[in-house]
Structures are given as C-alpha cells and as structure tokens.
Amino acid sequence: MSGAACIFLAFCVVLAPVIALDTFNESLLIKPLSSGHVIAQFDFVISADDVAGPHFHLVPRQLGEVISHHHVQELHLSLTQGFWRHQTWGYPARQAGTGAQLWVWFQPDTPDVDEAWRSLVNALSGLFCASLNFMDQTVTASPSFAYRPQGVVSDAAQSESRLLRTASLPREATCTENLTPWQKLLPCGAKAGLSMLLNPTHLYSTSYHSLSVDFRPVCADERCSRLGYEIAQSVTLVYEPVTFERRQGPRQNWSTKTLFGAGLFSACALAQHSHVFVDTAANETHPFVLTPAPEGVVQSTVAGHTASFAVYDVRNLTAAGGVNLRADYAREHRYIWTPSLPLTVTEYQTGSGQFSVGLSLQLHSSQRTRPLEVAVLQVVPWYIRLYLHTLKVTVGDQVIQPVYQRLVPGRDRQRPYTLELALRVPPLSVATVSVQAERAFLKWHEYPPDANHGFYLPGAVVSALLPADNVTRHPHRSPPVEQGRMFVRLSAENQLVTLPTPDFSMPYNVICLVCTVVALAFGPLHNICTKRLLLVPISDEKPGYVTRLRDAIGRLLSRCRPGGQSPSATAHTAPAKATKAD
C-alpha cells in the first residue's frame, strides 16, 4: 500500500467517529381539521455530539460558530406572520407569537451575559436577514419562571434567570429573505428532500406561517451518561383548501400540488428517515381517501389519548418518480361546532383619549373539576408607563390574589416593564388581569417613519399544564407529559397603541415657506449689495454711418406725409438748434 493511501486511510479512521455521530431526519405532518383548515408542519432535526467544530458534517457551520462563540446553552427563534386561532385550530405543537421572538439561555461561565446577548442578536440578524439587531435593552427582559429550559440541565445553576434573555419584535414581517437563509442551513438545502415543497408563492399565501430554529442539549443515550445537541428547524403552515376550488362545491380536497405547488420528488440523501404523516382523526366527521394508499398506520398514545397517523416513506413513495399525494372527500364540507379548549386567552385595550390607556388579559377556563394553574408574562415597552398599583385580578366581581407576582418597573429608554403572575383560575370562569398606564412623549427622532400607524405591543405569554388531546402532536416528537398533562405556552394578540404624535408635516411646510421667502428676497438684495448704479453722460460726438443712414431713410419716408417729419430727425435736430442758440 502506498504512503498516500495509508495517510488517507488513517484520516478516514480518525474522522469516521466524528461523522457517524451526526444524524438527520426530516418529516412532514399534515393534519386536516374539522373547520376546513389543514395544518402542515415540517420538521428537520439534526442530532450531533458537538457543535463547536472544528469538523462540521451535518451541523450548519454558520449556526454552530454563532452558538459556540456566544456561549449559548439553549436557543429558540421564531419568525411568524399571522395569529394562531386556538379556539378553531387547537393548540400548536410549537407556539410562536406574531413577529420575531427570541429567548436564549446562556452558559453559567459566560463573562458578560448582556454583552453576549447584544453580540448574538447582531449575528443572528445577519444570518437570517431579519431585524433582530433591534432587540436591544429597551425590549429585553429576564423573567423568573415564565420560561424554563427545554433541554437537559445538568446543574441547577444553568436554570438561573440571570442567564435568560428574551425579546420580541411584534412588527417584524417575514418574507423570502428569511426563508432563503433558513433553507441554506439544511443539509440538502432546497435542492432535495421535503424542503423542496417550501414554495414561497404558496407559503406566504397561507393563513398562518412560522419559521423556527431551536437548539438545545439532549441526552445522547438512554441512560443520559453523555450529552448531545439537537438543532430542530420547523415550519408550521395553516391552509384553507375549501377556498381553493369551488367548481364541485366547497370541498376540503387537498393535495401536495394545491398546498405547496409541487409534488414529492425525492428524499434528502443525508436523511436517515424521511416520512410523511397524515393525521386521520378528522375521518370521524369528514371522511377522506388518501391516494396513493399509505404504507401503514402508526398510533401514538399520550396521556391516555390515542392518535392515528397514515405513514409514507418518501424514498419508497418517490422510487418511480414524482408523486402527488392527495386526499379526496366524499361530501361537501360542513362547518360544525368545535369543542371548547381548557384554556383560551384574549387581550384588549381599555381607556380613551391620547394620554391614559389600559391593558386587560382574559383567561377563559372550561375545566369543570379543578382550577387551572396559569403563569402569565407581560413585557411592556417603556413608553407605556404602567401604574403598578392599579394591577388587579378579578373573577366576575370578586378580586383574587395572585399566588405569586413579580414586577420589574421600567426605565425610560433603558428597560421595559416586566410583569409576571402565577394564578389559580377557578373552574368554568373567566379571570381578568388588568392594569392602567399612560402614554409617554417621545423625542422626534424616536418615531418610526409611519408614526401615525401606531406602535405594536407584544402579547402576553400564558403557560399552563393542559390535557394532551387538544395539542397538535407528532408521532415521533411528542412533548413530555406530567401526570397526564402537557406543558402548553400560548401567546395573546399583539396590541396596536397610538402615542401622542406631532404633525410631522408642519416642519416640512415651514421649511418650504422659509426657503421660498429667502429665495425671493435673496436675488434683489444680492443685486443691490453687489452692483453699482452709474450715470452715463450724453456724448457730443457726431452720429455714425448707420445713424445717418437711418435718418436719411426716415426723411425720405416722411415726405410721403404732408408737413410731417420723421421722429428720428426731430430727435436729432432739436439738440442741435439748442446748441446754436447758445
């Protein structure tokens, strides 16, 4: 064996364990709803033993370097457009508020958490082409119990609130500029696999769409003797196929071409598993037939609730070429009553005028037997100054005391108001959390370009342990269950608040008027100040040839009129006569 071959073999032996530790799986979950909507959830999961390098196989190097450089222990980012309607669509597998949301746990050995946060949001802003760099100290909070680590925590010090930073930009809009760098982080990009179905034209015409990236530490084996890392990229979409085609009546028929604009063509070659799951729970009320027929059926039981999923292996499905997976319904769609959820949230504004304002959050509990324990987090920007002494929680006409409350006053242009409450909502009741506030006066350069549109306030975040039958579940990625219940985090509606806004057109009018006056006055004043007026004396010289010729012609023409003289002759002879008289 040659020396080059020996070196190559030794290199492969050393690198083989590193490559073998990275795994990648992709899946698509399609869940038809009784309301006529269809939920499509893409999951792309990378599992690795190390994300710090120096060798990167499946882990995206851009994201791995950002995580290792900024001492990130856990990261959750979402870019969402639209509002998730809990009462109609149930609870999502991953809740995300409208706009951009980011919450990060840093490692305990981080030298400066605030500095690491500022550098991290700038790096993520450039990585995903989003305005995450606006997540400065004025919108960043460190809640105590609203967010808990979702990964493995080996030390209690890793879950201290001083290591947590969270912020949201409710006005951030998502577009193709965010989708393109998001797809580049996938092992196969947008060239192969289920990511080929993410057509921007169809993706951004949905009722709800959300891009997310989650990084967390996980157990690398069953005994959790060593830790690994998981990078999960997911896309959640909500379609309304009933509005697609009405030539045969309002049917809920759907297919991959109508939903995504393309069929299934291939699986990612680097993926160990590539599956499509179709939730068949809606078959009880709106039966449908899948074409082609599924390869099998998988049942997932969580907390006593069983869900059935039709399973397709993308490699077997696309072995003979592209496939258009579709579902045909036997009858027209009928809107039926949807069962009430254990907990729903609604947020709205109160008050009148341009000075005072109030925020109210309603928690609707439909539990019949026992109260719900709910955690509420409300982060309010500094320009909405909360009157913390007006905070109260009422159930009907009765005022109840929170089990726990934490209030962090805001500071102008430095930090937001942070309100955390732990409540016990009685069965079959509506709890209202209300607080009064005032609107602040901003400096002229702090207003956005469309100041009259208003300012968006992030919605409240509500967390609770709820029954698992109303949660959108994945057959292979179910959240942990505690005593028959799942942890659910809900986001309320964002609020649009108007602040006292000056008339920005008035300075423009003043500038135009002043410039006009100055321009009109400058010309004459400049001429007077820079030019001199001189008297020109009358010359006694004899007229030239041209003048004499003109006078002669004038005299000839004047003879045609009786007794007349030409004006030029009169003008030239009068001074001459006066001279002779002198």
Side-chain angles (χ1 to χ4, degrees), residues 18-30 40-53 55-68 72 75-80 93-94 96 123-130 174-204 206 209-216 218 228-237 256 259-277 312-315 317-318 322 474 476-477:
V18 179
I19 297 177
L21 294 177
D22 292 358
T23 59
F24 172 65
N25 298 311
E26 60 178 2
S27 63
L28 168 60
L29 172 63
I30 301 177
Q41 180 178 335
F42 294 82
D43 288 291
F44 306 93
V45 183
I46 299 175
S47 300
D49 270 12
D50 190 12
V51 295
H55 303 288
F56 294 91
H57 176 46
L58 297 178
V59 176
R61 181 172 182 176
Q62 311 96 298
L63 186 60
E65 291 180 348
V66 169
I67 290 173
S68 59
V72 175
L75 182 144
H76 303 275
L77 171 65
S78 64
L79 300 171
T80 306
R94 187 193 188 283
L124 295 177
S125 177
L127 183 60
F128 293 100
C129 292
T174 61
C175 59
T176 310
E177 294 181 355
N178 309 122
L179 177 64
T180 301
W182 184 92
Q183 286 181 311
K184 289 183 179 181
L185 300 179
L186 299 174
C188 292
K191 304 299 182 182
L194 296 177
S195 62
M196 296 178 64
L197 299 178
L198 299 177
N199 187 350
T201 304
H202 291 72
L203 188 148
Y204 291 110
T206 56
H209 58 267
S210 177
L211 302 175
S212 63
V213 177
D214 298 292
F215 166 78
R216 62 172 184 168
V218 294
Y229 298 96
E230 179 185 270
I231 299 176
Q233 297 179 239
S234 61
V235 182
T236 304
L237 309 172
T256 55
L259 296 180
F260 312 113
L264 293 170
F265 290 96
S266 64
C268 179
L270 298 175
Q272 289 188 353
H273 302 285
S274 181
H275 292 98
V276 175
F277 302 96
Y312 295 89
D313 192 330
V314 179
R315 289 187 175 87
L317 190 64
T318 59
H474 193 282
H476 294 164
R477 291 179 56 81

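These numbers come from the heavy atoms of this one structure, side chains and all, not from hydrogens, waters or symmetry mates. Position 1 is the first residue of the sequence, and the numbers go up from there. No experiment lies behind these values; they were computed from the predicted model shown.
Evaluation of the ring pair (Phe, Tyr, Trp, His ring centres under 6.0 Å) rule for F56 yields no partner, not counting sequence neighbours. Partners of T176 by side-chain contact (heavy atoms from CB on, under 4.5 Å), not counting sequence neighbours, listed by chain and number: T180, P200, Y204. Among residues two or more places apart in sequence or in another chain, the salt bridge (charged side-chain N to carboxylate O under 4.0 Å, His left out) test is passed with D50 by none. Under the rule for a salt bridge (charged side-chain N to carboxylate O under 4.0 Å, His left out), R315 has no partner lying at least two apart in sequence or in another chain. Taking D49 as the reference, R226 meet the salt bridge (charged side-chain N to carboxylate O under 4.0 Å, His left out) condition, with sequence neighbours excluded.
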**OP:** Given side chain to side chain contact (heavy atoms under 4.5 Å, CB included), test L77 with F128 step by step and report yes or no.
**Re:** CA-CA 10 Å; L77 171 65; F128 293 100; 3.7 Å; yes
**OP:** Decide yes or no on side chain to side chain contact (heavy atoms under 4.5 Å, CB included) for E26 and L186, but give the supporting numbers first.
**Re:** CA-CA 10 Å; E26 60 178 2; L186 299 174; over 6 Å; no
**OP:** In sequence, state the C-alpha distance, the side-chain angles, and the governing distance for V276 and L317, and then conclude on side chain to side chain contact (heavy atoms under 4.5 Å, CB included).
**Re:** CA-CA 10 Å; V276 175; L317 190 64; 5.5 Å; no
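Side chains of D43 and F277 form no contact here, defined as non-hydrogen atoms less than 4.5 Å apart. Using a 4.5 Å heavy-atom cutoff, the side chains of H76 and R94 are in contact. Counting heavy atoms from C-beta outward, L197 and L28 have side chains that approach closer than 4.5 Å. Between L198 and Q183, some side-chain heavy-atom pair lies under the 4.5 Å cut-off. V45 is not listed as a side-chain neighbour of T23, based on a closest heavy-atom distance of 4.5 Å or more.
From I231, atom CD1 reaches atom CG of D22 across 9.0 Å, with rounding to the nearest 0.5 Å.
Aromatic ring pairs are classed by plane angle as parallel below 30°, tilted from 30° to 60° and perpendicular above 60°; the pair F44 and W182 is perpendicular.
Judged purely by atom type and a 3.5 angstrom limit, S195 uses its side chain to pair as donor or acceptor with the backbone of G189.
Among residue pairs with one or both ends in residues 58-67, those qualifying as side-chain hydrogen bond (donor to acceptor under 3.5 Å, both in side chains) are R61-E65; sequence neighbours excluded.
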